[in-house]
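A short worksheet on the structure shown next.
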Amino acid sequence: MQGVYVFDLDGTLVDSMTPAVNIVLRFLDEHGVSYTPDIVKILTPLGFKGIARYYATELGVKTSEEEIYAVFQERLKVAYAKEIFLKPYVKETLNRLKQEGASLNVLTASPHVFTDACLKNNGVYELFDNVFSSEDFSMLKSDERIYKEAKKRLGSSFVMVDDSVTVVKTAKKAGFP
């Protein structure tokens, strides 16, 4: 099955949501900040830098964005490198697609410091032709321009594989199946 595929990382290739959510919510708990039950839905599309900004500007955490993000980086770096694993059948599927001549790529909201460590720890980093973070584009995955920029860098149209309905709709609106 030849073609160009772009995979999301979190929630699609790996089951990172529970560890990541625990880390970012634990930070609020440690700082005595209350939050609503829909907080995860609010935070998920922001990426970790966006979450740090949201904590500092919207939730009133008395720590700078940079300091919050540094704490996230420290804690998440360990989690992504050692505690976050591929979902069932992902490795087999990626290997089969690669053997059939597909170009495999990643586009994630997570920064490279997490993404690269996670893919390497799970033994699949070398299967990917490109590993992109939204930080490479200075755009969120909810911005349809990111898919057009990814197309330019890949030199080809692609199929977007993501667990977020918002991302899938945005990619489709930008012209990608």
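Residue indices begin at 1 and follow the sequence shown. The figures here come from the full heavy-atom set of this structure, side chains too, leaving out hydrogens, waters and symmetry mates.
- Side chain of Asn22 to main chain of Thr18: a donor-acceptor pair is present (N/O by atom type, distance under 3.5 Å, no hydrogens or angles).
- From Phe137, atom CZ reaches atom CD1 of Ile146 across 5.5 Å, with rounding to the nearest 0.5 Å.
- In this structure, the side chains of Tyr55 and Leu28 come closer than 4.5 Å at one or more pairs of heavy atoms.
- For the pair Arg53 and Phe48, the cation-pi criterion (under 6.0 Å, within 45° of the ring axis) is not fulfilled.
- Counted by atom type alone, Asp10 and Tyr80 present one or more donor-acceptor pairs between their side chains at under 3.5 Å.
- Taking all atoms of both residues into account, the shortest heavy-atom contact from Gln2 to Glu100 is CG-O, 3.2 Å.
- In this structure, Lys49 places its NZ atom where only 12 or fewer heavy-atom neighbours from other residues, nucleotides or ligands lie under 6.0 Å away.
- Under a hydrophobic-cluster definition in which Ile, Leu, Val, Met, Phe, Trp and Tyr are linked whenever side-chain heavy atoms come within less than 4.5 Å, directly or via other members, Val159 and Val168 are assigned to different clusters.
- At a cut-off of 3.5 Å, with distance as the only test, a side-chain donor of Asn105 or Ser103 sits close to an acceptor on the other residue.
- The distance from atom CZ of Phe114 to atom NZ of Lys77, rounded to the nearest 0.5 Å, is 8.0 Å.
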task: List the steps and the verdict of side chain to side chain contact (heavy atoms under 4.5 Å, CB included) for Lys173 and Tyr147.
output: CA-CA 10 Å; Lys173 187 176 176 185; Tyr147 305 99; over 6 Å; no
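- Using modelled atom types, no side-chain atom of Glu74 and backbone atom of Val71 make a donor-acceptor pair closer than 3.5 Å.
- Cluster membership check: Leu107 does not share its hydrophobic cluster with Leu119, using side-chain heavy-atom separations under 4.5 Å among Ile, Leu, Val, Met, Phe, Trp and Tyr.
- Rounding to the nearest 0.5 Å gives a distance of 10.5 Å between NZ of Lys152 and CZ of Arg145.
- The line from CG of Asp116 to OH of Tyr125 is 4.5 Å long, rounded to the nearest 0.5 Å.
- No hydrogens or angles considered: nothing links the side chains of Tyr5 and Asp129 as a donor-acceptor pair under 3.5 Å.
- Contact check for Leu59 versus Ile39: side-chain heavy atoms found under the 4.5 Å cut-off.
- Ser133 places a side-chain N or O within 3.5 Å of a backbone atom of Ser110 that can act as its donor or acceptor partner.
- Side-chain contact check for Asp162 and Ser164: no donor-acceptor pair (N or O, by modelled atom type) lies under 3.5 Å.
- Judged purely by atom type and a 3.5 angstrom limit, Lys87 uses its side chain to pair as donor or acceptor with the backbone of Gly11.
- The hydrophobic clustering, which links ILVMFWY residues whose side-chain heavy atoms are closer than 4.5 Å, places Val61 and Tyr54 together.
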